[in-house]
Amino acid sequence: MDVTRIPGLDRIEQQGDWIVIGANVTFRQIKDSPLLREQARVLSEAAATVGALQIQSVATLVGNVVNAMPAADGSVALMALDAEAELAGLQGKAWRPLGELFVGPGQSAVDPTCQMITAIRFPAPTGRHGSAWERIGRRRALVLPILNCGVSLALHDDERLASVRIGLGPVAPVPFRARETEAFLAGRPATEATFRQATEIVVQEAQPRSSLLRASREYRIEVLQVLVRQGLARAAEQARTRVP
Ligand SMILES: Cc1cc2nc3c(=O)[nH]c(=O)nc-3n(C[C@H](O)[C@H](O)[C@H](O)COP(=O)(O)OP(=O)(O)OC[C@H]3O[C@@H](n4cnc5c(N)ncnc54)[C@H](O)[C@@H]3O)c2cc1C
């Protein structure tokens, strides 16, 4: 069934406390959206790293989610935004946390033969917030990454971290949320020293595998720490420039 012409499914908009992205929205639309660049830089930066422009022009964020690859750039960025998906089926429509839809590598809880994701949403950030995307791949285009990392955070007025969310891939069978690292960071000062300490926790909870095609586990563990540190630093810098 071709769903590409159903009206309304190509919208990116703020609806009350949520930012909502329709099922037909492509990575190119995400990359070009001023709203997302302002409110969810992690997602616009991630969209710009997917494949090449030709892929970005046709590939949808929702298709990326249903493909359920642990390294999928769109899915991992959405984990850092605490996203939900609206699932429509014979029983009606309901919002589900995105993480519940990933069952295993390439395995989704969504059955596209009788269910459809109609939209993705995430809470519109408030206060002094920032987010960033980090990614390393063998080439700049047409390849799933060796590692990717999405960070979103908010700062208290005294520069302590109010909240942090970290999405990582591929470090588990599904797009991964580094919850132990997030818990460690909450309430601590947003400094380089804190970010370095956080990387010691992230390598304990993330379990990257060795892959013949991409990289060894040892290499990934080293690089993961760099990506997390850089992501945290860039997101914090963005948050600092916002007026309290
Ligand atoms: C050359 C190449 C390079 C790529 N590089 C990258 C990359 O760098 N990073 C990355 O993350 N990905 C990459 N990909 C993967 C690609 O970007 C994603 O798979 C894409 O986002 C899928 O979106 P789509 O709209 O084409 O989905 P489709 O391929 O049309 O669908 C994928 C699956 O999702 C289901 N589906 C689609 N829409 C819905 C819906 N609304 N509700 C329920 N089920 C649905 C379909 O039935 C199908 O099972 C690459 C792909 C190619 C071909």
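Read the numbers this way: they start at 1 and go in the same order the structure lists the ligands and their atoms. Start at 1 with the first residue, then count along the sequence.
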*asked:* For E218 and S210: C-alpha separation, side-chain torsions, deciding distance, then whether side chain to side chain contact (heavy atoms under 4.5 Å, CB included) applies.
replied: CA-CA 8 Å; E218 292 73 20; S210 285; 4.3 Å; yes

*Hey, mind stepping through L185 and L153 against side chain to side chain contact (heavy atoms under 4.5 Å, CB included) and telling me if it holds?*
CA-CA 10 Å; L185 285 163; L153 54 78; over 6 Å; no

*Does the side chain to side chain contact (heavy atoms under 4.5 Å, CB included) test come out yes or no for R177 and D82, once each step is laid out?*
CA-CA 9 Å; R177 187 90 183 261; D82 218 12; 3.1 Å; yes

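Residue contacts with ligand 1, taken as heavy atom pairs separated by less than 4.0 Å, involve R135 solely via side-chain atoms from C-beta onward. Heavy atoms from both the backbone and the side chain of V50 come within less than 4.0 Å of ligand 1. When non-hydrogen atoms are compared, ligand 1 lies under 4.0 Å from the backbone of D73 as well as from its side chain.
Annotation: Q115 places no N or O atom under 3.5 Å from an N or O atom of ligand 1; distance criterion only. Residue contacts with ligand 1: I117 is placed with a nitrogen or oxygen under 3.5 Å of a nitrogen or oxygen of the ligand (distance criterion only). Annotation: L61 places no N or O atom under 3.5 Å from an N or O atom of ligand 1; distance criterion only.
Other residues, nucleotides and ligands place no more than 12 heavy atoms under 6.0 Å from the CZ atom of R209.
Every residue two or more places apart in sequence or in another chain that forms a side chain to side chain donor-acceptor pair (under 3.5 Å) with R165 is listed here: S152. Take E45 and apply the side chain to side chain donor-acceptor pair (under 3.5 Å) test, not counting sequence neighbours, and it matches R234.
The residue from V66, N24, N67 that puts a heavy atom closest to atom 36 (N) of ligand 1 is V66. If you check each of G51, G137, P175, S108 against atom 5 (N) of ligand 1, the one with the closest non-hydrogen atom is G51. Of the options G63, A59, A119, the smallest heavy-atom separation from atom 26 (O) of ligand 1 is shown by A59.
Interface atoms of ligand 1 facing V62, defined by a heavy-atom separation under 4.0 Å, are 39 (C), 40 (C), 41 (N). Which parts of ligand 1 touch P112 is read off a 4.0 Å heavy-atom cut-off, strictly below it: atoms 44 (N), 47 (O), 49 (O). The distance from ligand 1 to the heavy atoms of F27 drops below 4.0 Å at these ligand atoms: 21 (O). Here is the list of ligand 1 atoms found below 4.0 Å of a heavy atom in L144: 9 (N), 10 (C), 11 (O), 12 (N). Which parts of ligand 1 touch M116 is read off a 4.0 Å heavy-atom cut-off, strictly below it: atoms 41 (N), 42 (N), 43 (C).
Rounding to the nearest 0.5 angstrom, the gap separating the OG1 atom in T126 from the CZ atom in R242 is 10.5 Å.
Here the shortest heavy-atom pairing between G167 and M79 reads CA-CB, 4.2 Å.
T194 and Q197 share no donor-acceptor pair across their side chains, judged by distance under 3.5 Å alone.
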